[in-house]
Amino acid sequence: MDFILLVMNSFGLLLDPLNLTYVVLGFVIGTIFAAIPGLTATLAMALLLPLTYTLNVETALMACASIYMAGMCGGSITATTINIPGAPSSMMTALDGYPMQQQGKGALALGHAAIGSMFGGAVGALLLIAVAPFVAELSLLVKTTGKFSLLAFALIVVVIAQRGRIPQAGLAACIGLMLATVGLDAMEPVTRFTFGNANLTAGIDLMPVIIGTFAIAEILVQARTPSDTTAATAAAGKHKLRRRDFIPPWSDIRRIGFRCYFKSCMIGYFVGTLPGAGGSMGSFLAYTEAVRTSPEPETFGKGNPQGIAASESANNAVCGGAMVPMLTFGIPGDPITAIMLGVLVINGIQPGPQLMSDQAGLIAPMLAALLFSAVVLIPLTLYAIGPYFIRIVSIRKDVLYAVIALLAVVGSYVATYSTFQMFMALAMGVLAFLLRRNGFPVITMLLGYILGPNLEEFLRRSLSLSNGNPLTFLTNPDSLFFVLLTLVFVYFLVIRKPADKSATPDGA
């Protein structure tokens, strides 16, 4: 209850013009990046991360929260208008959003997407505010061996969640773990894998890894992709939207039903708590459930607003869910929370069980900004600049990516004031580009790098306490729980699915 009151009091920080400016600016930037196909809110946060050095920690975290929420709802813009999801989490939105656009109801589809996003974001944020302190208390029961098993569970789930690319995901995670071992040993004052280079004594900084993995690699990917803006430009000039067209009638909202909104929010929230699941999985499951329970399943994919509502409610509820393991265990739930974890670490905040009690005053404003972004900024932004959303896609890609390249290189230098680390960002970008080109998911590499130090530390401490006996991970109840949970996930995501498919008759 004290934490909830602290969050409520934190809304007063939004009355500060500086805080409000950064929150609103972060939301607009996140929306624009999420709406442009090829760009993501993850990229926006990676580029803006160096700016957090000049801000106090509360303002930086509030801006990150608004970018996160904007990134989830912004992808629905181009998913609806030109059938190109701006973010993976909006793929299901395109199934019904674009048919509505073709029927001349594009503005109405965007309005339904905004209402779903607002509802999902608000429920996810409220559940986060209510549940996170209790999860933090429960996490105190997890000892050293349990912490290693938990981190191993998170990494394994992230790998096996990459359906069809599990070997590549596993190898990418190993590369991340290897990069995390460069520099000083975690428990002894010796250097490792520096090859005599003094610049590597402190290891590879988190900032070059993030900027290289997302910004530099994305630029290289786009440089190889032929750009054709003809369709986007034609769409931008064809549809003249008015602000009142974005407001759905009450009859449509009643037809969708509160039950659909709430059920989709709960699906998205709990999917978000699973490491590596992300908004795309949440929106897919919620959309599937909406089709399953609808009295008119044949209307989905042809312009049914319920499909839009289910998808957008779920992927925005993921925001609140994904921050639960990030705050209480230091385990990112998706790429954006991985970067937010970097913001916390850079500012000297160590996520974990003690965070909610020792530094609750720093976390509460971020959660208040998350709720504010969902309830206020989503509908306000759509109403204020909705008619101009479709014009975002007509921005010239050569100019856009040239600016991004400049921001990435300058940002990586400003973050560390090290020319060596700036070149490391370029090297990480090339590495991530090569991995993506060959079908390796780079998010598993990043999570391997982030989780690697703690994974190694808890492993070595556990073995030290047990005199080198690995059975300690099976004899301690907290560790055994996560070992069994890992086996359950492996069974359902890896073993059972292929068995079901192999049993399916040909042509079915």
Side-chain angles (χ1 to χ4, degrees), residues 29-30 32-51 67 71 74-75 78 84-88 162 165 167-169 171-176 178-180 182 204-229 232 278 280 334-336 338-339 342 392-416 418-450:
I29 293 174
I32 293 173
F33 269 71
I36 298 176
L39 301 186
T40 62
T42 307
L43 176 59
M45 195 174 293
L47 289 174
L48 296 176
L49 193 55
L51 295 179
I67 294 175
T78 46
I84 302 176
Q162 306 294 325
R165 297 190 298 172
Q168 296 92 325
L171 183 56
C174 289
I175 293 174
M178 292 166 61
L179 292 172
V182 176
I204 303 173
D205 194 79
L206 177 63
M207 188 69 67
V209 175
I210 292 176
I211 292 178
T213 301
F214 291 106
I216 303 296
E218 186 63 41
I219 293 167
L220 295 175
V221 168
Q222 294 297 329
R224 294 185 68 251
T225 305
S227 179
D228 182 12
T229 59
S280 54
D334 58 16
I336 300 186
I339 298 179
I392 293 175
V393 299
S394 61
I395 299 175
R396 286 181 55 183
K397 295 295 186 293
D398 53 352
V399 175
L400 181 65
Y401 284 101
V403 173
I404 291 174
L406 178 62
L407 290 175
V409 174
V410 173
S412 61
Y413 176 78
V414 171
T416 59
S418 169
T419 306
F420 176 80
Q421 294 290 354
M422 181 180 70
F423 282 107
M424 282 303 305
L426 297 176
M428 290 300 305
V430 173
L431 174 61
F433 166 72
L434 294 175
L435 290 175
R436 290 177 59 176
R437 185 178 178 181
N438 290 280
F440 291 78
V442 295
I443 181 58
T444 59
M445 181 189 74
L446 179 63
L447 291 181
Y449 171 81
I450 291 175

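Hydrogens, waters and symmetry mates are skipped; everything else that's a heavy atom, side chains included, is used.
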Query - Value rounded to 0.5 Å, distance of CG in D205 from CD in Q421 - result: 5.0 Å

Report task. Kindly compute the distance separating CZ (F433) from CD1 (I219), expressed to the nearest 0.5 Å. Result -> 12.0 Å

Report summary line: One should read off an interatomic distance between R436 CZ and M445 CE, to the nearest 0.5 angstrom, of 10.5 Å

Query raised in the report: At what distance, to the nearest 0.5 angstrom, does CZ of R165 lie from CG of N438?
Result: 11.5 Å

Query raised in the report: Do V430 and I216 have side chains that get closer than 4.5 Å, going by heavy atoms?
Result: no

Query raised in the report: Looking at residues at least two apart in the chain, or sitting in another chain, which of them share a side chain to side chain contact (heavy atoms under 4.5 Å, CB included) with A425?
Result: P208, S412

Query raised in the report: So, does T444 use its side chain to make a donor-acceptor pair with the main chain of A172 at under 3.5 Å?
Result: no

Report task. For residues A432 and A217, report the shortest heavy-atom separation together with the two atoms involved. Result -> CB-CB, 3.7 Å

Query raised in the report: Only one of L179, V182, I175 forms a side-chain contact (heavy atoms from CB on, under 4.5 Å) with Y449, so which one is it?
Result: L179

